[in-house]
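Notes to accompany the following structure.
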Protein chains: 2
Amino acid sequence: MSNLEEIAKLSGFSKATVSRVLNKSRHVSPETREKVLRVIREMDYVPNRNAVSLSKGKTLQIGMITADISEIILPFMTSFVEAAAEHGFQTIIYTSNLDKQRELQAFEDLKQKRVDGLLIITSVNDLSVISAYGKYGPIVSWQRMERPDIPSVAMDQYDGYALAVQHLLSCGVTRIANAFGRPESLNTQRRIQAYEDLMAAHGLEVRRDWYFKSAYHLTDGQNVVHRMLGLGEEPQAIICANDYVAAGVLSEARRLGWDVPNELRIVSFDNMQIASTLGLTSVQNPIRNQAYNAFALLSPGLLKQPLPLKPLEFGLVVRETT
Amino acid sequence: MSNLEEIAKLSGFSKATVSRVLNKSRHVSPETREKVLRVIREMDYVPNRNAVSLSKGKTLQIGMITADISEIILPFMTSFVEAAAEHGFQTIIYTSNLDKQRELQAFEDLKQKRVDGLLIITSVNDLSVISAYGKYGPIVSWQRMERPDIPSVAMDQYDGYALAVQHLLSCGVTRIANAFGRPESLNTQRRIQAYEDLMAAHGLEVRRDWYFKSAYHLTDGQNVVHRMLGLGEEPQAIICANDYVAAGVLSEARRLGWDVPNELRIVSFDNMQIASTLGLTSVQNPIRNQAYNAFALLSPGLLKQPLPLKPLEFGLVVRETT
DNA sequence: CTGAAAGCGCTAACAA
DNA sequence: TTGTTAGCGCTTTCAG
């Protein structure tokens with residue numbers, strides 16, 4: 001492998017000049033630049049990025065932290081990788097498998113300057129531990145953080161859930177069940193709040209006995225259907241934590257002869273591919289914008305020119321299930 | 001940020017000794033080690049990885065090349081990230097979006113020593129281009145490569161498909177349709193070969209008019225059902241390129257009143273979560289072992305002690321659809 | 001516009 | 001066992 005010095009010798013200039021050519025500095029005469037470039041091409045030379053990183057103190061790499069790579073986070077992940085790539089940054093995956101120690105490696109890598117910044121998709125370490133690493137580089141989170149020093153692109157799920165509830169009410173439905181996700185999460189709490197506020201505002205009964213929790217997957221949705229059947233009085237509609245849960249509800253309900261949407265309306269969250277495939281009415285997060293914003297929130301620490309944020313708004317895509 | 005030199009000064013030893021402590025060299029007296037470690041802890045020191053990488057000429061990073069991050073490759077991806085992490089290697093994602101130039105960045109990064117090795121999941125560049133980078137570091141591929149210089153962990157799909165066909169024949173079925181994936185791919189060709197060989201061997205008719213191609217997603221499976229209905233004579237069974245296609249076939253067939261498995265048996269490939277959820281009989285690739293082997297194939301260029309390969313065998317998981 | 005030289009922070013061969 | 005001293009390959013003042 002050839003290096004800077006070799007190119008310098010062969011072209012008859014100094015390392016400094018070659019470096020300037022490489023970095024597109026304006027302080028190089030066109031002829032010099034041309035000569036140097038010719039040698040570079042001839043030698044098939046490329047700069048060693050470790051040397052560049054060491055010298056510059058930047059790696060143009062961003063770490064992405066998650067428990068695992070699941071379908072749920074896929075759209076966000078790919079959008080982020082995309083957004084980062086647009087600005088010349090690469091993305092390294094850190095999967096923790098819920099192991100605190102393993103996750104910590106990502107933060108250590110920020111400290112060790114292996115990455116210039118960190119995106120937390122999901123994290124298992126304590127917030128105090130995490131924010132202690134803030135001084136080593138920018139950190140941003142997807143999930144809402146209870147600490148103000150870690151910015152987040154999370155959206156207030158209240159607004160999205162309100163959209164879903166409003167829609168059902170406007171369909172004339174009054175008995176609404178809910179299949180929530182992680183019970184302790186702030187997102188779930190905001191969703192509950194939205195449901196209860198709107199029901200109360202319309203003078204309708206809040207059915208806490210129709211809260212199903214920890215629903216994440218297709219199978220969870222199927223189970224929910226069976227539990228609804230044993231309820232005596234049956235709900236007219238259900239709002240599901242995500243499209244997979246809703247898919248489970250839909251397939252199982254239909255299999256048991258339930259008429260969707262006439263006897264049971266279904267609204268889900270995320271509006272992923274499967275929602276359009278199965279005809280699910282779904283609340284859409286602006287995931288691409290969220291991912292873009294995640295990078296934008298990191299950008300002050302990465303680029304000379306920070307990126308502006310894009311607006312984040314929920315949308316409702318109405319399909320056959322309502 | 002403190003550095004080696006600072007630790008050396010504070011502990012009263014040389015940089016070399018501190019470096020030895022860091023690298024767990026045996027040629028350091030216990031007392032010295034203890035003293036140095038104390039200072040390291042006190043100063044909250046960690047070595048700069050760029051400097052280490054530059055000096056050692058290794059980064060402990062592996063690039064993973066794919067067109068996009070889709071559900072199809074997820075299990076393989078996560079398994080690989082896992083396998084690499086077990087040996088201290090991190091994984092960088094390179095998504096090409098089918099853009100040759102963008103994909104080339106990954107290969108340039110191998111040349112620039114940003115990564116020590118490369119895993120190709122899917123690639124859009126010409127093989128001749130790719131193998132030209134072989135001299136810069138180890139490259140391994142998931143998909144089968146037509147060139148011997150790029151090793152691959154792809155399995156001969158002939159064997160897996162044979163398993164599926166055999167199973168259907170043993171169910172007493174003789175009229176079998178097939179929903180294949182990418183028509184030009186070697187995998188598809190091997191699958192076709194297996195089907196045709198086995199049918200011929202049993203003196204049964206090979207139904208090329210029942211080949212459906214380019215089936216990848218749930219929706220493709222649904223379409224296949226409709227096309228099967230217009231066939232005049234109907235197949236008794238269908239083998240699908242993957243679980244999603246099979247899921248589409250299953251749901252649409254049932255929706256149209258087809259009795260699965262009695263009137264239509266379905267076998268799919270990959271045996272992913274959805275297969276068990278929906279009760280699909282599915283052929284299982286040993287994905288974890290494939291991912292492990294991918295790293296093992298890279299390992300001669302990465303580790304002093306190359307890793308042994310694990311055996312790769314297809315398996316058939318029989319469920320309700322047959 | 002160009003060059004010399006001092007870093008960036010760590011490793012490793014060679015001495016002692 | 002420990003220290004000295006070149007590197008690793010590039011960037012960036014500072015002079016000229």
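Keep in mind that the numbers below use all heavy atoms, side chains included, and drop hydrogens, waters and symmetry copies. Each chain gets a letter, A, B and so on, in the order its sequence line appears, and its residues count up from 1.
Mapping B:S14 and B:L54 onto DNA chain D by nearest heavy atom places B:S14 closer to the 5' end of the strand. Checking B:S2 against A:K15, the closest nucleotide of DNA chain C that is more toward the 5' end is the one next to A:K15.
Legend: residues meeting salt bridge (Lys or Arg N to Asp or Glu O under 4.0 Å) with A:D116, ordered by chain and number and at least two apart, are absent. Take B:Y45 and apply the ring-ring contact (aromatic ring centres under 6.0 Å, His included) test, not counting sequence neighbours, and it matches no residue. Qualifying salt bridge (Lys or Arg N to Asp or Glu O under 4.0 Å) partners for B:D270, counting only residues two or more places apart in sequence or in other chains: none. Here B:E5 pairs with B:N3, B:K9, B:K15 under the side chain to side chain contact (heavy atoms under 4.5 Å, CB included) rule; sequence neighbours left out. Legend: residues meeting side chain to side chain contact (heavy atoms under 4.5 Å, CB included) with A:T122, ordered by chain and number and at least two apart, are A:T66, A:A67, A:Q143. Listed by chain and number, the residues in a side chain to side chain contact (heavy atoms under 4.5 Å, CB included) with B:L37 are B:V21, B:R33, B:E34, B:I40, B:R41 (sequence neighbours excluded). The ring-ring contact (aromatic ring centres under 6.0 Å, His included) check on B:F89 picks up B:F295, with sequence neighbours excluded. B:E184 meets the side chain to side chain contact (heavy atoms under 4.5 Å, CB included) test with B:R182; sequence neighbours excluded.
Atom OH of A:Y133 sits about 10.5 Å away from atom CG of A:L118, to the nearest 0.5 Å.
Side-chain contact annotation: B:R114 with A:S53, donor-acceptor N/O pair under 3.5 Å present.
Across all their heavy atoms, A:V18 and A:S11 have their closest contact at CG2-OG, 4.3 Å.
A 4.0 Å heavy-atom criterion places the boundary nucleotides of DNA chain C facing chain A at C:dC1 to C:dG9, written 5' to 3'. First and last contacting nucleotides of DNA chain D toward chain B (any atom under 4.0 angstrom from a heavy atom, 5' to 3' order): D:dT1 to D:dG9.
Contact check of residues 19-49 of chain A against DNA chain D (heavy atom, cut-off under 4.0 Å) returns A:S19, A:R20, A:N23, A:Y45, A:P47, A:N48.
At least one side-chain heavy atom of B:D109 sits under 4.5 Å from a side-chain heavy atom of A:Q90.
Each end of the helix from C:dC1-D:dG16 to C:dA16-D:dT1 gets its own rotation axis from five pairs of C1' atoms, and the angle between them is 30° to the nearest 10 degrees.
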